[in-house]
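All remarks here apply to the structure that follows.
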Amino acid sequence: MTPPTENDEPAGGPSRAFGFDTRSIHAGQRPEPYTGSRAVPIFQTTSYVFEDPDAAAAYFNLQEYGNTYSRIMNPTVAAFEERVASLEGGAGAVAFASGLAAQAAVLFTICQPGDHLVASSALYGGTVTQLKHVTRKLGVELTFVDPDEPTAWQAALRDETKVLYGETIGNPSGNILDIEAIARIARGHGVPLVVDNTFATPYLCRPLEWGADVVVHSATKFIGGHGTSIGGIAVDSGTFDWSNGKFPTVADPSPAYHGLAFHETFGVYGFLMKLRAETLRDLGAALSPFNAFLFLLGLETLPLRLERHVENALAVALFLQGRPGIARVAHPGLPDSPYRPLVEKYLPRGAGAVFSFDLAGGRAAGRRFIQALELWSHLANVGDAKSLVIHPASTTHRQLTDEELAAAGISPGTIRLSVGLENLDDLLWDLEQGLEAAAAGADEPAGEQPPACPLPLDPGVAQ
Ligand SMILES: *Cc1c(COP(=O)(O)O)cnc(C)c1O
């Protein structure tokens, strides 16, 4: 069986290896042959008429690649999958209803009860919750390690370890993962490295080129780019050897697919086929065609947007650095950042547009700062064209004491920014208002804290 052919190369074909910007616009699509539609059509359909009973049987047996039902595949979603796979340099991709669904599906496909996974401790909050609670509930053990210490990753390995997991740009200190070093450790142990590349996007970094095996994204963020849609995607390199004896979940005959051995049957597409034809089929978190269409539109301007995002973000970080009332600016691209050498290696075009800084005045200063802003939107998201801000200590983490915040790597005055595409002068003008307000009020006496939230908010909704 071969992968789909109707969608795979832009017009002009493989006679030239197109550049990244060209592929952001064309990869995964040719004008649709029936109507000639230049834009990717939104195939808003649940199902597809079979040519004849034999064709239907071949699709369901995975002997032919064809559309059956949109929980498993859909032509609009396929164009999005192929475009992201092209941009990340992978063999293929499977899209999901959210970033969390994509990463859960990848881990669910790799692991089985009794397995162990090693993850960076500096991850998106929702991922930490997912790993700590959901993965454990499935009988998978977990060790969090300091992502900056390759020796810690090495030391955490066990016989049962089946996957290493990190983020290109982590939270909240802007940790940059030494992908090549961690990938080497994973290879040495015969297990894959999975990297969440949401904050970097393939425009800034392509983890597969540094030895990672699977890349996951929350497409909700920079890929969509306009704060309109939730979605996720997993890209596989196609180069990991799933038949090395450690991955019966991928290599052995599958009882959930009448004894099909995915790795042996589909080779480089084995993991992707398992991810789609079993995990996505059975867990059901499919991306809608309409969201795939919006993500395709987002990808067309990804290079242009990211250029402005990183330029504005670095300028904002430089503006904040050294200002009175600011204790720390954790932008990894700043000249004095401890991550500077890793930024130069992995993110030469810029270290992203999401970073945090600490107001010396603590919780009260943070609230005054947020209150005074007019242009920055106070909300729990990142990667929008609009500039976004959140103060974890008064929102997503407000039920935590200062000690508990510290354990999460957040100070009472930590502010997280996602720098958008507006005029830099306007962004700085608004931050100036916030800083003046933060400095103006008297700090609350120690011990006076906002009342505990009756329902603990999931810290996962903030980055
Ligand atoms: C938002 C985010 C996620 C989760 O993605 P959803 O689309 O919200 O499910 C995972 N990782 C990172 C780094 C994120 O920013």
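One-based numbering, in listed order, for ligands and for the atoms of each. As the structure is a prediction and not an experimental result, all values here were calculated from the model.
- Using a 4.0 Å cutoff on heavy atoms, Gly231 counts as a contact of ligand 1.
- With hydrogens and angles disregarded, a donor-acceptor distance shorter than 3.5 Å links the side chain of Ser387 to the backbone of Gly420.
- Taking a cut-off of under 4.0 Å to the non-hydrogen atoms of Gln103, the atoms of ligand 1 that pass are 10 (C).
- Taking distance alone, with nitrogen or oxygen atoms compared against 3.5 Å, Lys221 approaches ligand 1 more closely than that limit.
- Using modelled atom types and a 3.5 Å distance limit, the side chains of His217 and Glu88 yield a donor-acceptor pair.
- Not a single heavy atom of His217 sits under 4.0 Å from any atom of ligand 1.
- Between Gly99 and ligand 1, an N or O atom pair is found at a separation short of 3.5 Å.
- Here the side chain of Arg363 pairs a donor or acceptor atom with the backbone of Ala393 at under 3.5 angstrom.
- Phe357 has its ring centre less than 6.0 Å from the ring centre of Phe369.
- A tilted orientation is assigned to the rings of Phe266 and Phe262, their planes being inclined by 30° to 60°.
- Numbered from 1 in the order shown, with element, the atoms of ligand 1 that lie under 4.0 Å from a heavy atom of Leu100 read 4 (C), 5 (O), 6 (P), 9 (O).
- Ring geometry for Phe271 versus Trp242: interplanar angle under 30°, hence parallel rather than tilted (30 to 60°).
- Between Val382 and ligand 1, no pair of N/O atoms sits closer than 3.5 Å.
- Taking every heavy atom of Thr220 and a limit of under 4.0 angstrom, the matching atoms of ligand 1 come to 6 (P), 7 (O).
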